[in-house]
Amino acid sequence: MATKLMQAIQYDRYGGGPAGLKHVEIPVPTPNKNEVLLKVEATSINPVDWKIQKGMLRPLLPRKFPYVPGTDIAGEIVAFGPQVKGFKVGEKVVAKLSHDRGGGLAEFAVASESLTASRPPEVSAAEAAALPVAGLTAYQALTDVAGVKLDGTGDQKNILVTAASGGVGHYAVQLAKLGNTFVTATCGARNIDFVKSLGADEVLDYKTPEGASLKSPSGRKYDAVIHCTTGIPWSTFEPQLSDHGKVIDFTPSMSSFATFALKKLTFSKKQLVPFLVTVKKENLSYLVQLVKDGRLKTVIDSRFPLSKAEDAWARSMDGHATGKIVVEP
């Protein structure tokens with residue numbers, strides 16, 4: 001029997017940016033015993049995708065070349081391994097692929113059953129594909145680290161979200177407001193109304209002196225900072241934090257790990273917390289349900305066909321997307 005081929009995007013070395021992405025025809029992958037094979041309907045791009053290509057996570061990632069990037073996908077199950085019990089052919093799902101294997105920027109992809117969640121018809125493929133890395137990062141940072149209860153109970157917390165119009169940030173503002181929070185957010189001037197529409201209580205233009213200082217217009221001190229950008233030193237955060245305030249850092253550098261260690265050593269009550277998301281199926285299902293119920297919205301910055309994946313890559317690297325960038329085969 002002839003091997004079925006599919007269109008995919010690959011790169012075979014570090015560096016190269018959008019120009020390093022090659023359009024190839026490769027065999028459709030075969031699901032292992034506990035995997036599902038999806039016909040991909042949408043894949044969202046995350047900054048970590050091009051950071052891996054740049055070599056910022058070597059020697060860990062990618063595991064080997066050539067590499068098909070992309071981890072956040074939505075699609076339809078077309079086959080599955082013998083140990084898969086929870087899904088059937090034809091079912092619409094969202095899945096998070098592992099970064100070491102990738103596979104998202106292709107017409108078909110295999111996903112672990114344990115990281116695949118059902119997608120109801122009310123949630124589009126693009127809306128769902130945007131959720132895994134960005135949505136779960138915001139969700140876990142707020143619930144696990146900041147201690148926000150999304151049912152609205154508990155003491156009010158003051159939350160700052162930096163780069164609030166981006167992928168993680170736009171989810172963080174909305175999810176925080178499901179809890180008992182007062183949300184201050186930073187973004188560029190053109191996105192102030194957008195971030196207010198997501199529910200932020202006060203919004204700072206990061207290019208103004210007030211915005212750069214992160215000072216709350218209403219004089220609040222932050223219990224937690226959902227830090228979605230880079231280049232802000234600890235000395236800027238420190239005076240704006242409450243006594244036990246935490247800065248949750250999604251793009252930890254060596255200096256942030258050093259600050260983290262120093263704060264621990266000096267028993268400082270204020271902390272910098274380096275954060276890496278752990279994807280759990282039940283959390284992904286919860287976010288899909290919130291989208292279905294209209295309590296969380298995925299904002300799509302732009303959509304590209306697979307044939308223009310390098311344009312989506314460039315858009316993400318540019319760093320000015322409002323919401324999420326999606327590729328649709």
Side-chain angles (χ1 to χ4, degrees), residues 31 34-46 48-49 70-78 80 84-99 103-105 108-144 148-152 166-179 198-199 226 228 250 277-301 303 321 323-329:
N34 57 355
E35 291 179 331
V36 294
L37 175 67
L38 305 189
K39 184 178 195 320
V40 178
E41 294 170 4
T43 303
S44 76
I45 308 275
N46 293 294
V48 71
D49 295 329
T71 60
D72 293 15
I73 66 173
E76 182 176 313
I77 295 182
V78 291
F80 52 80
V84 171
K85 298 283 182 280
F87 293 106
K88 54 187 188 294
V89 167
E91 197 165 340
K92 301 281 193 183
V93 294
V94 54
K96 161 72 173 68
L97 312 179
S98 68
H99 282 292
L105 287 179
F108 294 87
V110 286
S112 162
E113 179 183 21
S114 64
L115 295 179
T116 301
S118 283
R119 172 170 68 84
E122 296 88 346
V123 181
S124 73
E127 287 173 317
L131 286 169
V133 165
L136 291 172
T137 296
Y139 171 82
Q140 283 183 352
L142 285 163
T143 57
D144 297 358
V148 174
K149 294 183 172 64
L150 299 194
D151 60 2
V168 178
H170 94 286
Y171 286 134
V173 170
Q174 296 176 76
L175 290 168
K177 288 309 295 178
L178 295 176
L198 298 174
I226 307 297
C228 307
F250 302 139
V277 69
T278 316
V279 177
K280 295 187 180 128
K281 177 176 184 157
E282 59 268 29
N283 296 351
L284 187 54
S285 294
Y286 174 73
L287 293 185
V288 170
Q289 186 66 39
L290 287 178
V291 175
K292 181 190 171 197
D293 294 344
R295 300 176 69 207
L296 178 69
K297 60 176 185 259
T298 289
V299 176
I300 308 282
D301 170 82
R303 298 166 186 254
K324 292 283 296 177
I325 299 161
V326 174
V327 174
E328 296 167 315

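The list of salt bridge (Lys or Arg N to Asp or Glu O under 4.0 Å) pairs with a residue in residues 282-298, not counting sequence neighbours, is empty. Applying the side-chain hydrogen bond (donor to acceptor under 3.5 Å, both in side chains) rule to pairs touching residues 87-97 yields Glu41-Lys92, Glu76-Lys92, Glu91-Ser118, sequence neighbours excluded.
Scanning all heavy atoms of the two residues, the minimum distance from Ala134 to Ala130 falls at CB-O, 4.0 Å. When all heavy atoms of Ala111 and Ala95 are compared, the closest pair comes out as CB-CB, 3.6 Å. Between Gln140 and Asn283, the shortest heavy-atom contact is NE2-ND2, 3.5 Å. Nearest heavy-atom pair, Val288 versus Pro120, reported as atom, atom and distance to 0.1 Å: CG1-CD, 3.4 Å. Closest approach of Ala321 and Ile325 over heavy atoms only: CB-CD1, 3.7 Å.
The distance from atom CG of Leu178 to atom CG of Leu296, rounded to the nearest 0.5 Å, is 7.5 Å. One finds the CD atom of Glu35 at 9.5 Å from the CG atom of Leu97 (value rounded to the nearest 0.5 Å). Going from atom OG1 of Thr298 over to atom CG of Leu131 covers 4.5 Å, rounded to the nearest 0.5 Å. Atoms CG and OG, from Leu290 and Ser285 in turn, are 11.0 Å apart once rounded to the nearest 0.5 Å.
With sequence neighbours left out, Tyr286 forms a ring pair (Phe, Tyr, Trp, His ring centres under 6.0 Å) with Tyr139. With sequence neighbours left out, Lys177 forms a salt bridge (charged side-chain N to carboxylate O under 4.0 Å, His left out) with Asp201. Under the side chain to side chain contact (heavy atoms under 4.5 Å, CB included) criterion, Ala138 pairs with Val168, Tyr171, Ala172, Leu175, not counting sequence neighbours. Applying the side-chain hydrogen bond (donor to acceptor under 3.5 Å, both in side chains) criterion to Asp301, with sequence neighbours excluded, gives Arg315. Scanning for side-chain hydrogen bond (donor to acceptor under 3.5 Å, both in side chains) contacts around Ser98 gives Asp100, with sequence neighbours left out. Ala128 is linked by a side chain to side chain contact (heavy atoms under 4.5 Å, CB included) to Ala74, Val94, Arg119, Val123, counting only residues two or more places apart in sequence or in another chain. In this view, Glu113 and Val84, Phe87, Lys281 satisfy the side chain to side chain contact (heavy atoms under 4.5 Å, CB included) rule, not counting sequence neighbours. With sequence neighbours excluded, the residues forming a side-chain hydrogen bond (donor to acceptor under 3.5 Å, both in side chains) with Asn46 are Asp72, Lys324, listed by chain and number. With sequence neighbours left out, the side-chain hydrogen bond (donor to acceptor under 3.5 Å, both in side chains) criterion links Gln174 to no other residue. With sequence neighbours excluded, the residues forming a side chain to side chain contact (heavy atoms under 4.5 Å, CB included) with Val78 are Leu37, Lys39, Phe108, listed by chain and number.
Using a 4.5 Å heavy-atom cutoff, the side chains of Ile226 and Thr137 are not in contact. In this structure, Leu284 and Leu115 have side chains that are not in contact, with every pair of non-hydrogen atoms separated by 4.5 Å or more.
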Problem - Stepwise side chain to side chain contact (heavy atoms under 4.5 Å, CB included) check, Val110 with Val36 - result: CA-CA 6 Å; Val110 286; Val36 294; over 6 Å; no
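Proximity of a side-chain donor or acceptor of Thr43 to a complementary backbone N or O of Gly104 within less than 3.5 Å is detected.
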